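A short worksheet on the structure shown next.
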Amino acid sequence: MTTGRQSIATSDWKETAPRLDVSEVRKDFPILKQTVHGKPLVYLDNAATTQKPQVVIDAIHRYYSTENSNIHRGVHYLSEQATRDYEDARKKVQHFINAPKEREIVFVRSTTEAINLIAQSYGRHFLKKGDEIVVSAMEHHSNIVPWQMLCEQTGAKLQVIPIDQDGELLLEEFERLLNARTRLVSVAHVSNALGTVNPVKDMIREAHKREIPVLVDGAQAAPHMKIDVQELGCDFYAFSGHKLFGPTGIGVLYGKASLLEAMPPYQGGGDMISLVTFEKTHYNVLPYKFEAGTPNIAGGIGLGAAIDYLNGLGMEAVEAYENQLLSYALESMSTLSGVQLIGTPKQRAGVISFNLDGIHAHDVGTILDQEGVAIRAGHHCAMPVMQRFGVPATARASFAFYNTKDEVDTLVRAIHKVQEVFQ
Ligand SMILES: Cc1ncc(COP(=O)(O)O)c(C=O)c1O
């Protein structure tokens with residue numbers, strides 16, 4: 001089996017030891033202490049959602065036990081505290097992704113909602129029949145279906161960048177797709193089904209040469225690497241709190257102020273207005289124009305705590321450690337026969353998708369679960385990727401900085417067990 005990336009030999013592990021003290025880090029995550037089916041939990045389903053450190057759980061608990069109240073409109077003490085903490089979280093997000101302005105950070109429910117916001121606000125306002133939107137063949141359904149809905153509404157057309165057998169984008173095809181009708185490119189930074197890290201910075205440069213804005217789906221990138229939206233040059237960047245060690249129900253849309261200003265609101269309601277009469281309503285300033293109704297206050301505060309925690313670890317240390325862990329996992333899996341990797345990209349983050357000869361991915365997932373190993377089996381909300389590789393499903397092990405080399409060894413032993421059962 002080829003791993004498609006340079007491996008770090010097992011013996012190199014110590015010499016290239018990361019700056020992260022993983023055994024200490026693991027103590028911060030109460031859920032990781034659990035046993036499952038009598039075995040220590042090995043949580044390798046981080047691409048679906050990540051576990052939460054105690055500081056995030058505490059921040060949510062503190063909010064509900066000491067300052068629960070509605071924000072922005074209150075004049076009383078609790079409301080002021082809650083507003084301050086929620087808006088502090090926005091500043092933390094701004095600095096975390098190096099956005100130039102605080103008002104460029106829109107809190108949403110999730111990556112899915114961020115992409116739908118762009119499709120329904122930017123897309124419906126600026127796109128018309130015959131215009132084109134470019135996505136890739138490795139997108140999550142969240143970065144396909146909103147555009148298909150927009151195409152139905154406007155008569156625009158979806159164009160798809162193909163991928164090769166390694167699971168990498170065909171960049172010449174991408175450039176060929178960009179033309180005078182292209183109005184938007186929307187592409188994953190990291191593929192949730194293959195782990196491919198796409199060269200989004202280069203792609204953004206190419207699109208910008210033709211004055212085409214770019215939305216980056218960062219759901220699988222933000223948890224694994226330092227994100228700098230100014231360095232990338234993207235127009236929009238989306239990610240989910242729950243994949244970033246924060247709570248569910250909170251996500252982030254970064255957008256360049258000039259674009260967000262030009263876009264109409266996505267939803268109407270409280271907080272997104274400055275004046276309402278039956279004759280005319282005036283919308284609020286950014287980012288509130290896009291935040292109708294009572295937001296997920298606890299979620300925002302919890303996300304702020306997750307970002308503080310990650311800053312404490314340092315995203316560079318997280319990335320360096322995870323790269324070593326992934327190399328170790330790929331090398332360890334290469335010692336097994338009967339394993340096919342789905343996707344062998346040169347740049348990979350977080351994810352290893354695989355199938356075992358003659359064994360359905362769901363059976364792999366079920367038997368691994370009996371060994372305490374939590375992976376995901378299925379199409380990973382990326383059915384076009386499955387079609388591209390001619391498989392109905394894959395087993396997917398996905399990693400975070402709290403995973404260990406020992407857990408990789410447990411995964412490999414458990415895969416052996418699956419193969420024995422099906423011999
Ligand atoms: C690449 C990618 N985009 C979008 C999403 C959707 O994220 P959410 O369900 O948090 O909106 C996911 C979730 O797995 C993803 O992996």
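Along the sequence shown, residues are numbered consecutively beginning with 1. Please read all numbers here as calculations on a predicted model, not as lab measurements. In listed order, ligands and their atoms are each counted from 1.
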### Message
Checking side-chain polar atoms at under 3.5 Å, does Ser240 have a donor or acceptor matched by the opposite partner on Thr111?
### Response
yes
### Message
Tell me the protein heavy atom at minimum distance from atom 15 (C) of ligand 1, and give that distance in Å.
### Response
His140 CD2, 3.3 Å
### Query
Quick one: CD on Glu175 to NZ on Lys209, what's the gap to the nearest 0.5 Å?
6.5 Å
#### Entry: Close aromatic pair by centroid cut-off 6.0 Å: Phe107 and Tyr86
yes
#### Entry: Residue-ligand contact Asp217/ligand 1, heavy atom below 4.0 Å
yes
## Note on the structure
Atoms of ligand 1 under 4.0 Å from any heavy atom of Asn192, numbered from 1 in the order shown, are 16 (O)
### Message
Checking side-chain polar atoms at under 3.5 Å, does Asp58 have a donor or acceptor matched by the opposite partner on Gln54?
### Response
yes
### Message
So if I count the atoms of ligand 1 from 1 in the order they appear, which ones are less than 4.0 Å from some heavy atom of Ser240?
### Response
7 (O), 8 (P), 10 (O), 11 (O)
### Message
Give the atom numbers and elements of ligand 1 that come within less than 4.0 Å of a heavy atom of Ser110.
### Response
10 (O), 11 (O)
Validation: residues 297-311 side-chain donor-acceptor distances under 3.5 Å, sequence neighbours left out:
unit_1: Asp308; atom_1: OD2; unit_2: Lys92; atom_2: NZ; d: 2.8
unit_1: Tyr309; atom_1: OH; unit_2: Asp28; atom_2: OD2; d: 2.7
unit_1: Asn311; atom_1: ND2; unit_2: Ile307; atom_2: O; d: 3.4

### Query
To which protein heavy atom is atom 16 (O) of ligand 1 closest, and what is the distance rounded to 0.1 Å?
Gln220 NE2, 2.7 Å
### Task
Verify the ring-centre separation between Tyr288 and His72: is it less than 6.0 angstrom?
yes
### Query
Is there a heavy atom of Glu139 sitting under 4.0 angstrom from any atom of ligand 1?
no
### Summary
Atoms of ligand 1 under 4.0 Å from any heavy atom of Ser142, numbered from 1 in the order shown, are 4 (C), 6 (C)
### Query
Given the rule in the side-chain hydrogen bond (donor to acceptor under 3.5 Å, both in side chains) test, do Tyr328 and Asp409 qualify, once you have shown the distances and angles that lead to the verdict?
CA-CA 9 Å; Tyr328 179 74; Asp409 295 342; 2.6 Å; yes
### Query
Has Lys243 got any heavy atom lying under 4.0 angstrom from an atom of ligand 1?
yes
### Query
Which ligand 1 atoms does Thr112 reach within 4.0 Å, using its non-hydrogen atoms?
6 (C), 7 (O), 8 (P), 9 (O), 11 (O)
